[in-house]
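Working notes, beginning with the structure itself.
Nothing here was measured: the structure is a model prediction, and the numbers come from that model. Quick note on labels: first sequence line is chain A, next is B, and so on, each numbered from 1.
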There are 2 protein chains.
Amino acid sequence: MTKAAGRPPRSDAEILEFRTRVSEHAMSIYRAEGFEAVSMRRLSKRVGCAPTTLYAHFAGKTEILMLLWADVLSEMEAHVRDKIQDKTNTADSLAAATYAFVTYWRDHPDDFRLVFMSSNVGKTDVDSFIKAGNVDRGFAIFKDLLRAHDPGAVDADIDIRSETLVAGMIGVALCLNTISGYAWPSVSRMTDQLLAGIIAS
Amino acid sequence: MTKAAGRPPRSDAEILEFRTRVSEHAMSIYRAEGFEAVSMRRLSKRVGCAPTTLYAHFAGKTEILMLLWADVLSEMEAHVRDKIQDKTNTADSLAAATYAFVTYWRDHPDDFRLVFMSSNVGKTDVDSFIKAGNVDRGFAIFKDLLRAHDPGAVDADIDIRSETLVAGMIGVALCLNTISGYAWPSVSRMTDQLLAGIIAS
DNA sequence: GGTTTATTTGAAACGCGTAATGAAAAATTC
DNA sequence: GAATTTTTCATTACGCGTTTCAAATAAACC
């Protein structure tokens, strides 16, 4: 079997090693200095390559930032789980989880920006990430809590209710973050209001 | 009265004329070519000045984009009002308005991006705009519809419910726009679900 | 009219994300 | 070992938003 002349493509191991390195450096910069500090020039210096080399491995900056989503969503989920730990009934759990979710994003604006505002609306580079099931991470807990609260509900109903709740909470967090000068009602009032229709359904 | 030597400051009329010109050109570019086409270089060429001159008149690009919000919000409101025109009962009006609101933003991603995703989270340049009461434009209609549906409710309760509804709808629109590859429930399902708790409260 | 002064405007530059294209590297072929 | 080939990497450049600071402008003063 004669192979074609030419430089061989990167091996799977090389690809993984490079992506892992980029991801770790990106997260390191992000954790130390925040969202704005994660620039391609900065990141490439840390990785030890030219900025444009990153584009040979990733479709764009958005794809790199998506590598950071998993960590952030895990942290948010840990925060929510911590807040519901001492709750004994399902309604209290849901209320505490809802409140914890929104206040997490309010108190971590860089995280919010990373996950919800860096994907350039209209560009579907996020599709592969989503199809890998990553959207559920950090959000599935609400589906579980709702199922525990309403064990007899049909799966499709649980999906609609939990996904509407998540979208609604994201909207509240967006408003708190983006239009922070507005006198929004208190977070607990808004989250309780959101939850009212979800629980009563 | 001896005035100090030196070039006189711009008059109020000059200030207004320039800002109006910038606003009109920005809107013209936006309408013709979309969000991405509204760049400072492009805009300054159209206005007939250097890009940096824009910064002597506006705090930054965000402030210019905010000038466009009013038109977009008016259009969105007209769309919603059109959809509720033939509704005869308040619950149907609310359902139709909620659905129209979310689908408007879903179907106008550039408008969504302009209003909700161009203000650079964490930077409070939007405060002056907000304090001028502009956030209410396009959103007050939900307060009115809710008041009509529930005339006996306390004002503070109407505020919480309507503002939570608006935030929730924005969240749904954000998810549809940003995470468009995810299999969200249908818009009507989600808006009905959002509305369930708002109406029942 | 020339000088001084205060304000406005714009040239030059910076780092940003990214595209186009040439140089470098690593393999096979002869 | 030189030539060819294919892939990888990096240089150069572009338009982006924005800052710094010099040039230009328009007024009062002498």
Side-chain angles (χ1 to χ4, degrees), chain A residues 1-19 21-22 26 29-30 33-68 113-114 117-123 125, chain B residues 1-19 21-22 26 29-30 33-67 113-114 117-123 125-126:
Chain A
M1 174 71 84
T2 313
K3 292 166 35 179
R7 179 171 174 166
R10 295 181 293 256
S11 67
D12 286 346
E14 281 171 325
I15 290 170
L16 182 64
E17 188 272 334
F18 186 82
R19 291 178 72 95
R21 201 153 34 99
V22 169
I29 295 170
Y30 179 75
E33 300 176 53
F35 183 83
E36 299 280 349
V38 188
S39 75
M40 300 300 267
R41 283 170 171 81
R42 182 74 187 285
L43 184 54
S44 61
K45 275 199 180 63
R46 289 285 291 271
V47 169
C49 67
T52 48
T53 302
L54 296 174
Y55 293 90
H57 293 253
F58 300 91
K61 185 177 177 183
T62 298
E63 194 184 330
I64 295 175
L65 294 179
M66 274 189 278
L67 296 181
L68 311 186
R113 193 160 170 210
L114 174 73
M117 304 190 72
S118 59
S119 58
N120 282 329
V121 178
K123 304 186 182 176
D125 293 338
Chain B
M1 174 74 82
T2 312
K3 292 167 31 178
R7 179 171 175 166
R10 295 182 292 255
S11 68
D12 286 347
E14 281 171 326
I15 290 169
L16 182 64
E17 188 273 335
F18 186 82
R19 292 178 70 95
R21 203 153 33 100
V22 170
I29 296 170
Y30 179 75
E33 300 177 53
F35 183 82
E36 296 281 349
V38 188
S39 75
M40 300 302 267
R41 284 170 169 81
R42 183 74 187 284
L43 186 54
S44 61
K45 277 199 176 68
R46 289 284 291 271
V47 170
C49 67
T52 48
T53 303
L54 296 174
Y55 292 89
H57 294 251
F58 300 90
K61 185 175 176 182
T62 298
E63 194 184 329
I64 295 174
L65 293 179
M66 274 189 278
L67 296 181
R113 194 161 171 209
L114 174 73
M117 304 190 72
S118 59
S119 58
N120 281 330
V121 178
K123 302 185 185 176
D125 294 339
V126 293

Just to verify, what does R21(A) make a salt bridge (charged side-chain N to carboxylate O under 4.0 Å, His left out) with, not counting sequence neighbours? E17(A)
Here the distance between atom P of dT8(C) and atom CZ of F18(B), to the nearest Å, is 12 Å
Just compare dT18(C), dT11(D), dT18(D) and give me whichever is closest to any side-chain atom of R41(B). dT18(D)
If you take all heavy atoms of A26(B) and I64(B), which pair is closest and at what distance? CB-CG2, 4.2 Å
The salt bridge (charged side-chain N to carboxylate O under 4.0 Å, His left out) partners of R19(B) (sequence neighbours excluded) come to E63(B)
Rounded to whole Å, how long is the line connecting atom CZ of F35(B) with atom P of dG15(D)? 20 Å
Between C1' of dT20(D) and CG of L54(B), the distance in whole Å: 17 Å
Could you give the CD1-to-P distance, from I15(B) to dT8(C), as a whole number of Å? 8 Å
Partner residues of R7(A) under the side chain to side chain contact (heavy atoms under 4.5 Å, CB included) criterion, sequence neighbours left out: none
Base, sugar-phosphate alone, or nothing: which one does S39(A) contact when heavy atoms must sit under 4.0 Å apart? sugar-phosphate
Distance check, rounded to the nearest 0.5 Å: H57(B) atom NE2 versus I15(B) atom CD1? 8.0 Å
Considering only heavy side-chain atoms of K61(B), the closest of dT18(D), dC9(D), dG17(C) is dT18(D)
How many whole angstroms separate atom CD of E36(B) from atom P of dG17(C)? 15 Å
Mind calculating the distance between CZ (F58(A)) and P (dC9(D)) to the nearest angstrom? 12 Å
Can you identify which nucleotide, out of dG10(C), dC9(D), dT11(D), has its nearest atom closest to the T52(A) side chain? dT11(D)
List for me each residue that meets ring-ring contact (aromatic ring centres under 6.0 Å, His included) alongside Y30(A), sequence neighbours excluded, and say none if there are none. none
side-chain hydrogen bond (donor to acceptor under 3.5 Å, both in side chains): which pairs involve residues 40-50 of chain B, sequence neighbours left out? S28(B)-R46(B), E33(B)-R42(B)
Per the under-4.0 Å heavy-atom filter, residues of residues 42-51 of chain B near DNA chain D come out as none
E63(B) atom CD is separated from dT18(D) atom C1', nearest whole Å, by 15 Å
Looking at residues at least two apart in the chain, or sitting in another chain, which of them share a side chain to side chain contact (heavy atoms under 4.5 Å, CB included) with A50(A)? T52(A), T53(A)
Partners of Y55(A) by side-chain hydrogen bond (donor to acceptor under 3.5 Å, both in side chains), sequence neighbours excluded? none
Give the rounded distance in Å between these two atoms: OH of Y55(A) and C1' of dT18(C). 5 Å
Distances under 3.5 Å between nitrogen or oxygen atoms of protein and nucleotides 4-8 of chain D:
{"residue": "dT5(D)", "atom": "O2", "partner": "G6(A)", "partner atom": "N", "Å": "3.2"}
{"residue": "dT6(D)", "atom": "O4'", "partner": "A5(A)", "partner atom": "O", "Å": "3.0"}
{"residue": "dT6(D)", "atom": "O2", "partner": "R7(A)", "partner atom": "N", "Å": "2.6"}
{"residue": "dT7(D)", "atom": "O4'", "partner": "R7(A)", "partner atom": "O", "Å": "3.0"}
{"residue": "dT8(D)", "atom": "OP1", "partner": "R10(A)", "partner atom": "N", "Å": "2.9"}

